[in-house]
Amino acid sequence: MRTFIYPGSFDPVTNGHLDIIERASKICDRLIVGVLVSHNKKPLFTMDERVDMLGRAIRSCNCNNVEVEDFSGLLVDFVKKKNADVIIKGLRAVSDFEYELQMALLNKNQSPEIETLFMMSSINYSFLSSSMVKEIARYDGNIKGLVPECIKEDIISKFTGRGI
Ligand code: COD
């Protein structure tokens, strides 16, 4: 049984994340999307909201070997706790590379048995990030096509204060 971990903040999940989830789920037996309880960043969405939005987005793409779980502490400890041995990361552009290389090497330094695999972003999503989605939504721009349709209203209502 080959288990991969796809870690991130997912604040909120975007179509770029979902694309990586769909593609990664096809090359492993079990994919666990690990949502970081961050002590450095202050997320816009609570952990429950991020996990719930990811769950709905994943159900909408019929990936039935994907689970969502929160984690805190070191990523390599979460990987070991889940009996996984591969970390999946998405790469959008050269600008992602330096940071991701540093993380991959540090994770390798901590746990040499764990591999990091990089998936190139699909061309349609190579410009997409959670922060850009939040900025567009904050100023009432159009986020259609950037995030899964089923969570669009969650994001809009976060800024308008409107109930869903
Ligand atoms: N297309 C493809 N991939 C994408 C896209 C897109 N449009 N957008 C984002 N991604 C990728 C990112 O490159 C990343 O791999 C993943 O999706 C998640 O993205 P985010 O933005 O939600 O998550 P980040 O970058 O905030 O996540 C950082 C981690 C949680 C992975 C990192 O902080 C971590 O591992 N923390 C745990 C603590 C730890 O172990 N620290 C030491 C590490 S050396």
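All ligand and atom numbering here is 1-based and tracks the order in the structure. The basis for the numbers below is simple: all heavy atoms, side chains too, and nothing from hydrogens, waters or symmetry mates.
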SB check Arg138 Glu135 (cutoff 4.0 Å):
no
For ligand 1, is any non-hydrogen atom under 4.0 Å from Arg92's backbone (N, CA, C, O), its side chain (CB onward), both, or neither?
side chain
Any atom of ligand 1 sitting under 4.0 Å from a heavy atom of Gly73?
yes
Residue and atom name of the nearest protein heavy atom (relative to atom 13 (O) of ligand 1), distance in Å to one decimal:
Gly90 O, 2.6 Å
Counting heavy atoms only, which part of Leu75 comes closer than 4.0 Å to ligand 1: side chain, backbone, both or neither?
both
For ligand 1, which atoms, with element, lie under 4.0 Å from some heavy atom of Lys89?
15 (O), 31 (C)
Mode of Tyr6 contact toward ligand 1 - side chain, backbone, both, neither (heavy atoms, under 4.0 Å):
side chain
Ligand 1 N/O within reach of Phe71 N/O, cut-off under 3.5 Å
no
For atom 19 (O) of ligand 1, what is the nearest protein heavy atom, given as residue, atom name and distance?
His17 NE2, 3.3 Å
Ser9 N/O to ligand 1 N/O under 3.5 Å:
yes
Starting from the C-alpha separation in whole Å, work towards a yes-or-no answer on salt bridge (Lys or Arg N to Asp or Glu O under 4.0 Å) for Arg56 and Asp154.
CA-CA 11 Å; Arg56 279 186 279 136; Asp154 298 60; 2.7 Å; yes
Taking both backbone and side-chain atoms of Leu128, is any N or O found less than 3.5 Å from an N or O belonging to ligand 1?
yes
Check this for me: does any side-chain nitrogen of one of Lys89 and Asp96 sit under 4.0 Å from a carboxylate oxygen of the other?
no
Kindly identify the option in Asn124, Leu91, Leu74 whose heavy atom sits closest to atom 42 (C) of ligand 1.
Leu74
What's the shortest heavy-atom distance between Tyr125 and Gly145, and which atoms?
CE2-O, 4.2 Å
Is ligand 1 less than 4.0 angstrom away from at least one heavy atom of Gln110?
no
Can you tell me if Lys41 contacts ligand 1 (heavy atom of the residue under 4.0 Å from the ligand)?
yes
Assess whether side chain to side chain donor-acceptor pair (under 3.5 Å) is satisfied between Asp11 and Ser130, documenting all intermediate values.
CA-CA 6 Å; Asp11 184 41; Ser130 299; over 6 Å; no
Is Asp29 close to Asn65 at the side-chain level, that is, under 4.5 Å between some pair of heavy atoms?
no
